[in-house]
Amino acid sequence: MEIKDAKVFHDYLNGVIEGEGVKKRTKLYSNAKTFYKSVDSSVSDDQIMYEVYSYEHDGLCYGLTVMQPVCVNGECNVTRGHFHESLDCDEIYCGMGGEGLLLLMDEDYHCHAEKVKVGSVHYINGHLAHRLVNTGNSELKVQCMWPSNAGHDYKRVEEHPFTVRVYKENGELKVEEE
Ligand SMILES: O=P(O)(O)OC[C@H]1O[C@](O)(CO)[C@@H](O)[C@@H]1O
């Protein structure tokens, strides 16, 4: 029997996925300003807000999102957030490092959240928009699995933004519902 090395390696300790076919996208503050309530001129345009590694094979995607512990005028770092284009495609997240919230918004645009921490596993029904929030003082690392035909519908979330914002004031979390 031939025994081969895996073509892809998820380095849990360093928070990277490496190998054949792995894609990486980086979201800088310059391309994320509209995600937050207001623009913060003290945050550099070059500031990395989050990085997404993804590996797709035969209809399945495996990914890792690494979010920096950065606040924008006190608002905790968030991903852009999206519905799936195919609403029957679900997703699973698993906390790998740090602390955060998984913000979920239903099709009536009501929000609820789940706490993300090391080992927490989150099922995301395809009819829910999802956004991660880094509420901690270290990188938030979240492993993700989803069908590759899910697609990202960002437009719908831009038209109906998440109605909840999370701030950190003197180390305390403050949730504002709009
Ligand atoms: O695409 P967004 O909304 O910026 O968020 C990134 C998220 O999307 C995914 O790429 C796939 O759903 C996740 O890996 C990640 O958490």
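On a predicted model such as this, the values are computed, not experimentally measured, just so you know. Atoms within each ligand, like the ligands themselves, are counted from 1 in listed order. Note that these values count all heavy atoms, side chains included, but never hydrogens, waters or copies made by symmetry.
Lys33 has no carboxylate O lying under 4.0 Å from a charged side-chain N of Asp40, or vice versa, which leaves the two without a salt bridge. Remark: Glu51 does not engage Arg25 in a salt bridge, criterion side-chain N to carboxylate O under 4.0 Å. A salt bridge links Lys155 with Glu159: at least one charged nitrogen is closer than 4.0 Å to a carboxylate oxygen.
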Can you pull every nitrogen or oxygen pair between ligand 1 and the protein closer than 3.5 angstrom?
{"residue": "ligand 1", "atom": "1 (O)", "partner": "Arg25", "partner atom": "NH2", "Å": "3.0"}
{"residue": "ligand 1", "atom": "1 (O)", "partner": "Tyr154", "partner atom": "OH", "Å": "2.6"}
{"residue": "ligand 1", "atom": "3 (O)", "partner": "Gly81", "partner atom": "N", "Å": "2.8"}
{"residue": "ligand 1", "atom": "3 (O)", "partner": "His82", "partner atom": "ND1", "Å": "2.8"}
{"residue": "ligand 1", "atom": "4 (O)", "partner": "Tyr50", "partner atom": "OH", "Å": "2.5"}
{"residue": "ligand 1", "atom": "10 (O)", "partner": "Arg25", "partner atom": "NH2", "Å": "3.2"}
{"residue": "ligand 1", "atom": "12 (O)", "partner": "His82", "partner atom": "NE2", "Å": "3.3"}
{"residue": "ligand 1", "atom": "12 (O)", "partner": "Glu91", "partner atom": "OE1", "Å": "3.1"}
{"residue": "ligand 1", "atom": "12 (O)", "partner": "Glu91", "partner atom": "OE2", "Å": "2.9"}
{"residue": "ligand 1", "atom": "14 (O)", "partner": "Thr65", "partner atom": "OG1", "Å": "3.3"}
{"residue": "ligand 1", "atom": "16 (O)", "partner": "Thr65", "partner atom": "OG1", "Å": "2.8"}
{"residue": "ligand 1", "atom": "16 (O)", "partner": "Tyr93", "partner atom": "OH", "Å": "3.1"}

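Under a 3.5 Å cut-off, the side chain of Asp108 and the backbone N or O of His110 do not form any donor-acceptor pair.
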Let me have the donor-acceptor pairs involving side chains of residues 87-96, under 3.5 Å, with sequence neighbours excluded, atom names and distances please.
{"residue": "Asp90", "atom": "OD1", "partner": "Gly126", "partner atom": "N", "Å": "2.8"}
{"residue": "Asp90", "atom": "OD2", "partner": "Tyr123", "partner atom": "OH", "Å": "2.8"}
{"residue": "Glu91", "atom": "OE1", "partner": "His84", "partner atom": "NE2", "Å": "2.8"}
{"residue": "Glu91", "atom": "OE1", "partner": "His130", "partner atom": "NE2", "Å": "3.2"}

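For Glu56 and Ser148, the side-chain atoms include at least one donor-acceptor pair closer than 3.5 Å.
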